[in-house]
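One structure below.
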Amino acid sequence: MTDSIRALFDRWEQVWHEGRIDLIQDCVGSHYVRHDEKGDRTVSRDEYAAELQTVHRDRPGIRVVVYDHSFTIDGAWFRFAFV
């Protein structure tokens, strides 16, 4: 894993585990395709931040466990579960 990809992953962990919503700007493009229980949908950074804040508010102490991932030069893909 390259240093820049490792730094991206580290920022993601801060967003997920520490609630560092301010780092989303550095982790997510203006819009991205999200694949989840609601189906495939395009989500903006602001929508993602709002969703994440809601998850943390509604489920204090929730953790994200990444169990599969793939990194490319211009993107990252994660498969994860909430615990």
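We're numbering straight along the sequence, starting at 1.
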side-chain contact (heavy atoms from CB on, under 4.5 Å) between Y48 and I24, worked out
CA-CA 8 Å; Y48 178 74; I24 290 175; 3.7 Å; yes
Heavy-atom distance under 4.5 Å between the side chains of V43 and Y32, does that happen here?
yes
Tabulate below the donor-acceptor pairs under 3.5 Å that side-chain atoms of residues 50-58 make, not counting sequence neighbours, or state none.
from : atom 1 : to  : atom 2 : distance (Å)
E51  : OE1    : R34 : NH1    : 3.4
E51  : OE1    : R41 : NH2    : 3.2
E51  : OE2    : R41 : NH1    : 2.9
E51  : OE2    : R41 : NH2    : 3.3
T54  : OG1    : A50 : O      : 3.0
H56  : NE2    : W16 : O      : 3.0

Apply side-chain contact (heavy atoms from CB on, under 4.5 Å) to residues W12 and D26 and explain how you reach the verdict.
CA-CA 9 Å; W12 266 120; D26 295 332; over 6 Å; no
Supply the atom-to-atom distance F9 CZ to Q14 CD, rounded to the nearest 0.5 angstrom.
12.0 Å
Are the side chain of R79 and the backbone N or O of D68 linked by a donor-acceptor pair below 3.5 Å?
no
Could you walk me through whether H17 and V64 pass the side-chain contact (heavy atoms from CB on, under 4.5 Å) check?
CA-CA 7 Å; H17 298 300; V64 176; 4.3 Å; yes
Quick check: closest heavy atoms across V15 and C27, and the distance to 0.1 Å?
CG2-SG, 4.4 Å
